[in-house]
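In what follows, a structure is listed as structure tokens, so that the remarks can point back to it.
Both counts, for ligands and for their atoms, begin at 1 and track the order of listing. Predicted model, so just to flag it, every value in this text is computed and none were measured.
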Amino acid sequence: WQEPLMDGAVILRRRVRDSAAELMAQVNQIAAQNPFEHRITPGGHKMSVAMTNCGDLGWSTDSRGYQYSAQDDVSGQRWPAMPASFRELAVTCAAEAGFSGFSPDACLINRYEPGAKLTLHQDKDERDLRQPIVSVSLGLPAVFLFGGFDRADACQRVLLEQGDVVVWGGPSRLRYHGILPLKPGIHPLTGPFRFNLTFRRAR
Ligand code: MD5
Ligand code: FE
């Protein structure tokens with residue numbers, strides 16, 4: 001079922017629950033080619049979230065800044081291809097939320113372990129901010145913080161669980177957001193982790 005969150009943001013609750021195991025198998029294949037890494041932010045902090053990517057472009061961070069690039073500077077290799085099933089899922093979910101014509105060229109995969117968090121930030125490294133971002137949650141639940149257009153604005157808290165898809169578009173594309181520290185647990189599909197896939201049009 002669809003739950004409008006705010007201007008341009010829609011939760012498709014449990015949208016991919018039935019295909020979670022297949023999605024997770026693809027994530028494991030991607031990680032076998034390009035392992036999850038804890039990257040260093042420009043501020044010199046090691047991220048608690050581990051990341052990999054698939055698609056033509058991948059997002060990463062190092063001491064120089066944030067960027068999308070065609071190859072991973074840790075492995076020196078191109079990112080694994082985006083599976084057709086991933087692309088179709090992202091395109092379909094975007095269309096269901098009112099964003100037809102979405103064509104993702106990047107999929108960032110975040111892995112959260114107990115205590116891992118994402119502090120409040122905006123996603124603005126993509127060229128065309130009129131394109132939405134499609135987010136898919138797998139494994140352990142997490143509390144998502146959905147804020148305003150200033151870091152200090154009040155946040156709404158939303159629990160994101162396995163199979164939930166969120167489409168962030170329109171004015172909500174630039175809202176501050178984050179993830180509270182992951183509560184420890186064991187999930188039947190993902191063990192001690194939460195995974196989040198974000199499909200993006202980077203260029
Ligand atoms: C996550 N990932 O659960 C989240 C899901 C990231 C990130 O934030 O940058 O990897 S994506 C949430 C998102 C994207 C774009 C806009 C908004 C939220 N928003 O307006 O709240 O790992
Ligand atoms: Fe983000």
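Separating the CG atom in Asn34 from the CZ atom in Arg78 is a distance of 12.0 Å, to the nearest 0.5 Å.
Not counting sequence neighbours, the partners of His187 by the side-chain contact (heavy atoms from CB on, under 4.5 Å) test are Leu140, Gln162, Leu189, Thr190.
Think of Trp79 as one node in a network of Ile, Leu, Val, Met, Phe, Trp and Tyr side chains linked at under 4.5 Å; it has no links at all. Other members of the cluster containing Ile40 do not exist, because no ILVMFWY side chain is joined to it at under 4.5 Å.
The residues Asp105 and Arg127 are annotated as not salt-bridged, no charged nitrogen and carboxylate oxygen being separated by less than 4.0 angstrom.
Annotation: angle subtended at the Fe ion (ligand 2) by His177 NE2 and Asp123 OD1 is 100°, to 10°.
Under 4.0 Å from any atom of ligand 1, one finds heavy atoms of residues Leu108, Asn110, Tyr112, Leu118, His121, Asp123, Ile133, Ser135, Phe144, Phe146, Trp168, Ser172, Arg173, Arg175, His177, Ile179, Arg194, Asn196, Thr198, Arg200.
Nearest heavy atom pair, residue Ser85 against residue Gln26, reads OG-NE2, 3.3 Å.
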